[in-house]
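In this text the structure is predicted, and so the values were computed from the model without any measurement. Per chain, numbering begins at 1; letters A, B, ... match sequence-line order.
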There are 2 protein chains.
Amino acid sequence: MTTDPQATTSGATSVDAAATAGGAAGVPAPAEQLRGAGLRVTAGRVAVLEAVAGVPHATADDVVRTVREALGSVSVQAVYDALHALTEARLLRRIEPAGHPARYERRVGDNHHHVVCRSCGVVADVDCTVGHAPCLTPSSDHGFVIDLAEVTYWGLCPQCAAARAS
Amino acid sequence: MTTDPQATTSGATSVDAAATAGGAAGVPAPAEQLRGAGLRVTAGRVAVLEAVAGVPHATADDVVRTVREALGSVSVQAVYDALHALTEARLLRRIEPAGHPARYERRVGDNHHHVVCRSCGVVADVDCTVGHAPCLTPSSDHGFVIDLAEVTYWGLCPQCAAARAS
DNA sequence: CCGGACACTGGAATCATTCCAGAAAACCCG
DNA sequence: CGGGTTTTCTGGAATGATTCCAGTGTCCGG
C-alpha cells in the first residue's frame with residue numbers, strides 16, 4: 001500500500017483547498033510556508049500545520065487525532081517531531097500552561113497573550129492593548145539577559161464559570 | 001555528614017528552635033503560620049516550610065533533599081502533600097516554569113513576577129515596578145472570569161549568558 | 001489519656017514528552 | 001528521470017515529575 005493518495009502534481013488536494021476554504025487571509029499555503037522556512041515538505045508536516053490551523057489552540061494529542069483522520073496513520077513521534085520543527089522554524093508557537101499539556105497556535109510574530117481556564121485548560125488569545133508591552137522591562141533584571149516577557153491570565157472560561165455558579 | 005549549614009541553636013526539636021534562629025524578620029515562625037492557617041503542626045510540614053525559606057526557589061526535589069537532611073527521612077509523597085497543603089493555605093506560592101519542574105517560594109500576597117533562565121531553569125524575583133499591574137486588565141476577556149495575571153520573563157541567567165558568550 | 005481525624009509510608013501508576021535504531025521518504029545533482 | 005545523501009517517520013521503550021492507593025502512624029480536642 002504505497003500508493004500515495006495525495007497526488008503530488010495536482011494541487012487540488014486539501015492542501016490548497018484549505019488555503020481558500022479555511023479562509024485565513026494572509027496565511028500562505030502550508031507547503032509554501034514549509035518551503036519558505038527551509039523545511040522539507042512532507043504529508044505529515046502539511047497535515048500538522050493544517051491541524052493546528054483548524055483547531056485553534058490544539059494540544060499534541062488533538063493534532064495526532066486530527067492528522068490521523070486526514071492521513072490514516074501517523075506515529076506520535078512524527079507529530080511531536082513536526083511540531084518541534086515547525087515551532088523551531090517559527091511557523092507555530094508553543095504555549096505551555098502550567099499543569100496542562102502544551103498547545104500550539106499559528107499566530108506568530110505578534111506578542112499577544114493568553115487566558116487559560118483553570119478548570120478545563122482551554123486557551124483563548126488576548127491582545128495586549130496596553131500599547132508597548134509595559135511589563136517587558138522589569139525594574140531589576142538580576143543580570144539576566146531577557147528575551148521574552150509572556151503574560152498569562154488565569155481564570156475560568158464561560159462554560160466552567162457557569163457550571164460553577166449554578 | 002549531616003552538619004547543618006544554618007546552625008540552629010541546639011538539638012532542641014528544631015521546630016521551635018528554628019523559629020528563633022531561622023527568624024526571617026517579618027515572617028512568623030513556621031509552627032505559628034501553620035496553626036494560623038488551620039493546619040496541623042507536624043515535623044514534616046515545619047521542615048518543608050523551613051526548607052523553602054532556606055532555598056529561595058526550591059524545587060520539590062530540593063525540598064525533599066533538604067528535609068531529609070533535617071529529619072533523616074521523609075517520603076516523597078509527604079513532601080508533595082505538604083507542599084500542596086501549604087500552597088493551598090497560601091503559605092507558599094507555586095511557580096511552574098514551562099519545561100521545568102515546579103518551584104516554591106514563601107513570598108506570597110504581593111504580585112511580583114519571575115525571570116526564568118532558559119538554560120538552567122533558575123528563577124529570580126522581579127517586582128513589577130510598573131505601578132498597578134497594567135497588564136491585569138486585558139482588552140477582551142472572551143467571557144473568562146480572570147483571577148490572576150502572571151508575567152514570566154524568559155532569558156539567560158548571568159552564569160549561562162557568560163558561558164554562552166565565550 | 002483516648003479516640004477520631006488527619007498525615008505519612010512505600011509502592012505502583014499516570015501522563016506528556018523524549019530517546020533510540022532501523023526503514024522510508026524527500027530533495028539535490030547530473 | 002534515476003542515484004545518493006540527508007532528513008524524516010515508525011514502533012517500541014524510557015524518562016521524569018507528579019499523583020493515586022491502601023495501610024499504618026501521629027496529632028490534637030475533649
Side-chain angles (χ1 to χ4, degrees), chain A residues 1-9 15 30-32 34-49 57-65 67-68 70-89 92 94-104 121, chain B residues 13 15-16 30-32 34-49 57-65 67-68 70-89 91-92 94-104 121:
Chain A
M1 38 146 66
T2 36
T3 55
D4 85 340
Q6 307 264 353
T8 49
T9 49
V15 176
E32 293 292 311
L34 287 169
R35 234 173 262 281
L39 291 174
R40 286 194 177 180
V41 179
T42 68
R45 285 178 175 175
V46 171
V48 166
L49 215 36
H57 294 96
T59 60
D61 196 60
D62 289 335
V63 176
V64 168
R65 265 183 289 106
V67 172
R68 283 200 175 137
L71 302 184
S73 83
V74 230
S75 65
V76 180
Q77 292 63 20
V79 171
Y80 273 101
D81 193 4
L83 286 172
H84 212 253
L86 294 170
T87 304
E88 195 81 14
L92 290 182
R94 172 188 217 157
I95 312 161
E96 268 182 272
H100 298 277
R103 285 163 181 273
Y104 297 83
Chain B
T13 49
V15 178
D16 288 62
E32 294 291 311
L34 288 169
R35 234 174 260 280
L39 291 174
R40 286 196 177 176
V41 179
T42 68
R45 284 176 176 177
V46 171
V48 166
L49 216 36
H57 295 95
T59 60
D61 197 60
D62 288 336
V63 176
V64 168
R65 265 183 289 104
V67 172
R68 282 200 174 137
L71 301 184
S73 83
V74 228
S75 65
V76 180
Q77 292 63 20
V79 170
Y80 272 101
D81 195 3
L83 286 172
H84 211 254
L86 293 170
T87 303
E88 196 81 14
L91 294 184
L92 290 183
R94 171 188 216 156
I95 312 161
E96 267 181 276
H100 298 277
R103 286 165 181 271
Y104 296 84

Residues at least two apart in sequence or cross-chain that pass side-chain hydrogen bond (donor to acceptor under 3.5 Å, both in side chains) with T42(A), listed by chain then number, are none
Per-nucleotide protein contact along nucleotides 14-21 of chain C, 5' to 3', at a 4.0 Å heavy-atom cut-off (B base, S sugar-phosphate only, - neither), is --SBBB--
Per-nucleotide protein contact along nucleotides 22-30 of chain D, 5' to 3', at a 4.0 Å heavy-atom cut-off (B base, S sugar-phosphate only, - neither), is -----BS--
Donor-acceptor contacts, no H, no angles, side chain residues 71-85 of chain B, under 3.5 Å, sequence neighbours left out:
residue	atom	partner	partner atom	Å
S75(B)	OG	A78(B)	N	3.1

For [X], which residues count as a salt bridge (charged side-chain N to carboxylate O under 4.0 Å, His left out) partner, sequence neighbours excluded?
{"X": "R68(A)", "answer": "none"}
{"X": "R65(B)", "answer": "D61(B), D62(B)"}
{"X": "E88(A)", "answer": "none"}

Atom CG of L71(A) and atom C1' of dT10(D) are separated, to the nearest Å, by 14 Å
Atom CZ of R45(A) and atom P of dC27(C) are separated, to the nearest Å, by 9 Å
Taken in chain and number order and not counting sequence neighbours, the residues that satisfy side-chain contact (heavy atoms from CB on, under 4.5 Å) with R35(A) are V41(A)
Correct closest heavy-atom pair for A102(A) and E96(A) would be CB-CG, 3.6 Å
Computed from five pairs at either end and rounded to 10 degrees, the angle between the axes of the helix from dC1(C)-dG30(D) to dG30(C)-dC1(D) is 40°
CD1 (I95(B)) and OG1 (T87(B)) are apart, to the nearest 0.5 Å, by 10.0 Å
Report task. Keeping the roles fixed (side chain from R45(A), backbone from R40(A)), state whether a donor-acceptor pair exists under 3.5 Å. Result -> yes
Closest to the side chain of D81(B), out of dT9(C), dC8(C), dT10(D), is dC8(C)
